[in-house]
2 protein chains.
Amino acid sequence: MARPRSTQADQAILDATRAVLVESGWSRLTMAAVAARAGVAKTTLYRRWPGKSELVVDAVAVLFDELELPDRGSLAADIEGVVLSFAHLLGHPETKTSLMAVVAESTTDAALRGRIKAAVVDRQKRLVVEGRVRAQARGELPPDADPVRTARSVDLIFDVIAGAVVHRSLVSAESVDAAWARRFTALLLGGLAALEA
Amino acid sequence: MARPRSTQADQAILDATRAVLVESGWSRLTMAAVAARAGVAKTTLYRRWPGKSELVVDAVAVLFDELELPDRGSLAADIEGVVLSFAHLLGHPETKTSLMAVVAESTTDAALRGRIKAAVVDRQKRLVVEGRVRAQARGELPPDADPVRTARSVDLIFDVIAGAVVHRSLVSAESVDAAWARRFTALLLGGLAALEA
DNA sequence: CCATTACGCTACGACGAGTAGCGTAATACA
DNA sequence: TGTATTACGCTACTCGTCGTAGCGTAATGG
């Protein structure tokens with residue numbers, strides 16, 4: 001029975017966060033700058049988010065939603081495709097910077113860890129599930145037997161794909177190009193065959 | 001023709017950095033605290049390292065040197081072993097916190113990226129090379145043919161192993177236990193067979 | 001013994017996180 | 001159409017940390 005929060009302000013703040021992130025990177029992103037850019041008071045930010053990390057997680061999570069899995073005709077082509085689009089996404093400064101920054105913060109903050117898991121990790125596992133279903137329809141993979149076993153496989157594959165791409169591009173600091181994607185896919189496909197056997 | 005820098009102070013500073021890291025984590029690690037713990041003046045830190053990130057990279061790099069690859073009799077057992085010891089290392093707060101923190105910083109700092117690559121990544125690739133040589137001696141893998149191809153394989157395998165373990169334990173926030181290591185190893189071995197074929 | 005450099009110390013400026021308090025605007029509900 | 005209730009903007013503030021300046025002192029090579 002009172003004034004509700006402006007959803008318009010929410011949107012403006014998240015947009016502004018991404019914009020400032022692109023320009024300044026994580027370390028030089030200040031709450032004051034976000035507030036100014038969004039056209040709201042700094043206090044409004046703190047009324048909605050506990051701090052910088054949480055704000056950035058929410059602002060960045062949607063960026064990963066642009067990842068899709070168009071049907072490229074074979075499991076191999078699908079994997080190569082998603083590897084390359086994930087790498088492309090990680091090429092954007094605001095994505096890599098903020099993803100790593102919030103992951104780093106999360107190592108000493110359990111609540112933040114949960115937020116990342118819900119907003120990014122669990123949301124993107126859909127890609128693995130989708131690719132799997134499609135491959136099964138094509139007859140490239142056997143149908144699911146045990147649901148527990150299936151869930152474990154999805155988790156494993158997700159960590160292998162996402163982990164390898166992130167590690168190569170951000171830690172090893174080497175480019176994820178078509179040639180690398182092809183070799184990685186060959187490795188993964190061979191592994192999948194062994195796993196399902 | 002003058003007073004040289006105290007190497008003893010260098011050591012004390014690096015030790016202190018690790019100690020403070022354990023107690024406070026990255027975000028609450030202050031240069032003042034490190035200086036106090038090391039028994040030196042804060043200015044002495046800045047005379048040697050440009051900032052916090054560079055100091056922490058140097059302090060943490062040596063932690064990864066404790067990783068070894070004892071001969072467990074088979075390639076599968078060797079991989080499982082190194083996966084588990086890497087996961088164990090990442091279990092220590094100071095390792096995971098500082099590794100992620102410096103990687104995050106490196107996304108906007110090319111010099112730091114180079115420092116990490118030299119001090120951590122390139123140093124630890126020895127593990128992959130060693131496991132590979134050992135497996136070849138056992139006849140589990142074919143001998144090297146093309147050196148370029150070999151180098152690419154080493155890079156790929158390194159990113160897959162390190163990436164998957166880091167991603168699972170730090171991003172997905174799930175534990176890397178013996179069961180997971182076994183499944184991951186099965187996947188990787190299957191992939192290696194396909195890669196070498 | 002002397003020039004040179006490192007070191008410890010104190011003090012300081014700059015900046016950003018996060019909070020408090022107040023007046024005002026917007027909305028649900030009666 | 002009021003009226004209670006809550007969001008909002010604004011200003012001002014505390015607090016902590018980074019990074020630097022300047023100075024006197026200690027250690028070392030020649």
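Here is the naming used below: chain letters follow the sequence lines, and residue numbers restart at 1 for every chain.
- Across dC10(D), dT27(C), dG8(C), the shortest atom-to-atom separation from the side chain of R47(B) is found for dG8(C).
- Inter-residue side-chain proximity for D109(A) and E54(A) is flagged as met; some heavy-atom pair is nearer than 4.5 Å.
- Listed in residue order, the members of residues 107-114 of chain A having a heavy atom less than 4.0 Å from DNA chain C come to none.
- Between H88(B) and H92(B), the ring-plane angle classifies as perpendicular under the 30° and 60° cut-offs.
- Taking 4.0 Å as the cut-off between side-chain N and carboxylate O, D155(B) and K125(B) count as a salt-bridged pair.
- The side chain of R5(B) contributes no N or O atom lying less than 4.0 Å from OP1 or OP2 of dA26(D).
- Summarising the geometry, the separation between CG on D10(A) and P on dA7(D) is reported as 12 Å, rounded to the nearest angstrom.
- Between the CD atom of E54(A) and the C1' atom of dG18(C) there is a distance of 13 Å, given to the nearest Å.
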Sort me out a list of protein N/O and nucleotides 14-17 of chain C N/O pairs below 3.5 Å, or just none if empty.
| unit_1 | atom_1 | unit_2 | atom_2 | d |
| --- | --- | --- | --- | --- |
| dA17(C) | OP1 | M31(A) | N | 3.4 |
| dA17(C) | OP2 | M31(A) | N | 3.1 |

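- Annotation: the span from H167(B) atom NE2 to D159(A) atom CG amounts to 6.0 Å, rounded to 0.5 Å.
- A salt bridge between E23(A) and R37(A) is present, with a side-chain N of the basic residue lying under 4.0 Å from a carboxylate O of the acidic one.
- Side-chain atoms of R168(A) come within 3.5 Å of backbone atoms of S175(A) as a donor-acceptor pair (strictly under, hydrogens ignored).
- In this structure, CG of L45(B) is placed 11 Å from P of dC7(C), rounded to the nearest angstrom.
- When the nearest nucleotides of DNA chain C are assigned to S6(B) and G51(A) by heavy-atom distance, the more 5′-ward of the two goes with S6(B).
- dA25(C) atom C1' lies 15 Å from atom CD of Q8(A), rounded to whole Å.
- Within 3.5 Å, a donor on the side chain of R3(B) pairs with an acceptor on the base of dA6(C), or the reverse.
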Practice task
Apply the test side-chain hydrogen bond (donor to acceptor under 3.5 Å, both in side chains) to residues R138(A) and Q136(A): give CA-CA distance (whole Å), side-chain angles for both, the deciding distance (0.1 Å), then the verdict.
Solution key: CA-CA 5 Å; R138(A) 291 197 201 96; Q136(A) 287 170 336; over 6 Å; no
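- Rounding to the nearest 0.5 Å places CG of L29(A) at 9.5 Å from OG of S98(A).
- Remark: T43(B) is not in phosphate contact with dA21(D), judged by side-chain N or O atoms under 4.0 Å from OP1 or OP2.
- Here the options are R132(A), R134(A), R72(A), the test is salt bridge (Lys or Arg N to Asp or Glu O under 4.0 Å), and the partner is D78(A); only R134(A) passes.
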